[in-house]
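Numbering of residues begins at 1 and proceeds along the displayed sequence.
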Amino acid sequence: MRAAVVTAFGGPDVIETREVPAPEPAAGQVLVEVGIADVIFVETAIRRGQHGEFFDVQTPYVTGSNLGGQVRAVGAGVPADWIGKTVVGRGVAFGAHAELALTTTDLVEVPPELDLRTAVAVYGDGFTALMLEELAPPMAGQDVLITASAGGMGLLLIQLAHKAGANVIAAARGEEKLELSRAQGADVLIDYGKPGWEKLVLEATNGQGPGIVFEGAGGELGAVAFSVVKDGGWISAHGAPSGSFAPYDAAEAERRGLTVKGIMDLRADSTTTSVTGAAVIARAAAGDLKPVIDQVYDLDHVADAHRALENRTLRGKALIEVSR
């Protein structure tokens, strides 16, 4: 079968489309003929050899995590009635950017009212967005700052905060991304590519700072977001497209009474969350989560998808179309 393989840690050019052996489902596993797969920023960092403390990955490996397609075979202990169903799920040890991929039984059948692209586009980011919604204080009437607001997850967070009745402050780089944020329900638009953007955040919150911050940018932008959150407020530091998660002083956060949530609070296998993949798909089917799909690449151009993510040229999601 054909698959996109990271041959060594490095730049996008290390990704090659190769013929590799088709996997066989072991006990508790499901084999899916992949139609559409997701691609997210953290996969570019893993490809560079980063985040080894969170992801135990050795080269060569097949890229891609979230996928959708038809179940072709099941391993021991898995009901045979899964075969033939159209599902979304997560690849085992990545592996989604391939014609055939293994998943666990943590699958969700795609309802007829959702097309496969939408289901895959919402599945991964929607899971994280709903965990953030669950972790955060009630958003009704709150000033909510969302950084990296025009990314796949940032746009979903805007939708959730808007629906909850928050005053949504979207921070992104450039007019095009900000207008996209407005279209999803943002009330205040701030270009953090311009110096002094934190002053605009304070102005938008009557000098108090936002009570809730969904920080998806990381690095220095994330550090600035920490500086403006209101004393006693809540902030998540879940994004690292700047190269690192937002740095902060734990003693300072304690002094200011801040509640800080990090990437380890957002693990899909966490026992502290009630969010499920089925809940994500149900919320998408109900119209609460509407992913914005910008680009769809084929299996031979996964490296181009990685470049687009790293160069910040995407307005929403990128997907990989594996088979038609």
Side-chain angles (χ1 to χ4, degrees), residues 1-4 15 23 29-44 46 62-72 82 84-131 150-157 159-160 184 266 268 275-302 304-306 308-309 314-324:
M1 68 168 189
R2 297 174 71 244
I15 302 174
Q29 293 183 334
V30 175
L31 183 69
V32 176
E33 181 181 348
V34 182
I36 296 288
D38 195 0
V39 55
I40 58 176
F41 189 87
V42 71
E43 293 169 15
T44 71
I46 295 165
V62 177
T63 63
S65 179
N66 300 302
L67 60 88
Q70 263 196 332
V71 175
R72 290 305 183 204
W82 276 108
K85 290 183 177 180
T86 300
V87 299
V88 290
R90 289 185 174 84
V92 174
F94 299 97
H97 296 160
E99 291 175 327
L100 295 167
L102 294 174
T103 74
T104 66
T105 53
D106 187 20
L107 297 171
V108 182
E109 187 172 6
V110 179
E113 61 266 34
L114 280 186
D115 64 90
L116 189 59
R117 284 189 179 186
T118 300
V120 173
V122 80
Y123 188 71
D125 286 338
F127 205 110
T128 305
L130 291 188
M131 282 195 286
M153 189 167 64
L155 295 170
L156 295 180
L157 288 170
Q159 295 169 16
L160 292 173
Q184 304 308 307
L266 297 170
V275 176
T276 63
V280 175
I281 295 302
R283 291 284 291 272
D288 291 345
L289 296 170
K290 299 178 180 179
V292 177
I293 301 169
D294 184 13
Q295 296 290 332
V296 180
Y297 300 84
D298 63 27
L299 195 59
D300 291 318
H301 293 88
V302 173
D304 289 337
H306 277 229
L309 283 162
L314 291 170
R315 311 294 186 259
K317 290 292 302 175
L319 297 176
I320 306 299
E321 186 171 60
V322 178
S323 62
R324 298 181 185 275

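Phe127 places a side-chain heavy atom less than 4.5 Å from the side chain of Val275. Contact check for Pro291 versus Thr118: side-chain heavy atoms found under the 4.5 Å cut-off. The shortest side-chain heavy-atom distance between Arg315 and Val292 does not fall under the 4.5 Å cut-off.
Every residue two or more places apart in sequence or in another chain that forms a salt bridge (charged side-chain N to carboxylate O under 4.0 Å, His left out) with Arg283 is listed here: Glu133, Asp288. Not counting sequence neighbours, the partners of Val110 by the side-chain contact (heavy atoms from CB on, under 4.5 Å) test are Thr86, Val88, Leu114, Leu116, Ala119.
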Q. Going through the checks in order, is the side chain to side chain donor-acceptor pair (under 3.5 Å) test met by Gln70 and Glu33?
A. CA-CA 5 Å; Gln70 263 196 332; Glu33 181 181 348; over 6 Å; no
Q. Does the pair Val39 and Tyr297 meet the rule for a side chain to side chain contact (heavy atoms under 4.5 Å, CB included), with working shown?
A. CA-CA 10 Å; Val39 55; Tyr297 300 84; 5.7 Å; no
Q: Evaluate the side chain to side chain contact (heavy atoms under 4.5 Å, CB included) criterion for residues Ile40 and Leu309: first the C-alpha distance (whole Å), next the side-chain angles of each, then the deciding distance (0.1 Å), finally the verdict.
A: CA-CA 8 Å; Ile40 58 176; Leu309 283 162; 5.8 Å; no
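Applying the side-chain hydrogen bond (donor to acceptor under 3.5 Å, both in side chains) definition to pairs two or more places apart or across chains, those involving residues 91-104 are Thr63-His97.
What you find for Leu314 and Gln295 is that their closest heavy atoms are CD2-CG, 3.8 Å. When every heavy atom of Lys317 is checked against every heavy atom of Ala121, the shortest pair comes out as CE-O, 3.8 Å. The two residues Ala285 and Glu113 make their nearest non-hydrogen contact at CB-OE2, 3.8 Å. When all heavy atoms of Ala305 and Ile320 are compared, the closest pair comes out as CB-CD1, 3.9 Å. Taking all atoms of both residues into account, the shortest heavy-atom contact from Ile36 to Val120 is O-CG2, 3.8 Å. Residues Leu299 and Ala98 approach most closely at CD1-N, 4.2 Å, considering heavy atoms.
One distance of note links NZ of Lys290 with CG of Leu156; it measures 11.5 Å at 0.5 Å rounding. With rounding to the nearest 0.5 Å, the separation of CG in Asp300 from CD1 in Ile15 is 12.0 Å. Within the model, atoms CZ of Phe94 and CG of Asn66 stand 10.0 Å from one another, a figure rounded to the nearest 0.5 Å. With rounding to the nearest 0.5 angstrom, the CG atom of Asp38 is 9.5 Å from the CG atom of Leu67. Atom CG of Leu31 sits about 5.0 Å away from atom CG of Leu100, to the nearest 0.5 Å. To the nearest 0.5 Å, atoms CG (Asp115) and CD1 (Ile293) are separated by 7.0 Å.
With hydrogens and angles disregarded, no donor-acceptor distance shorter than 3.5 Å links the side chain of Thr105 to the backbone of Val30.
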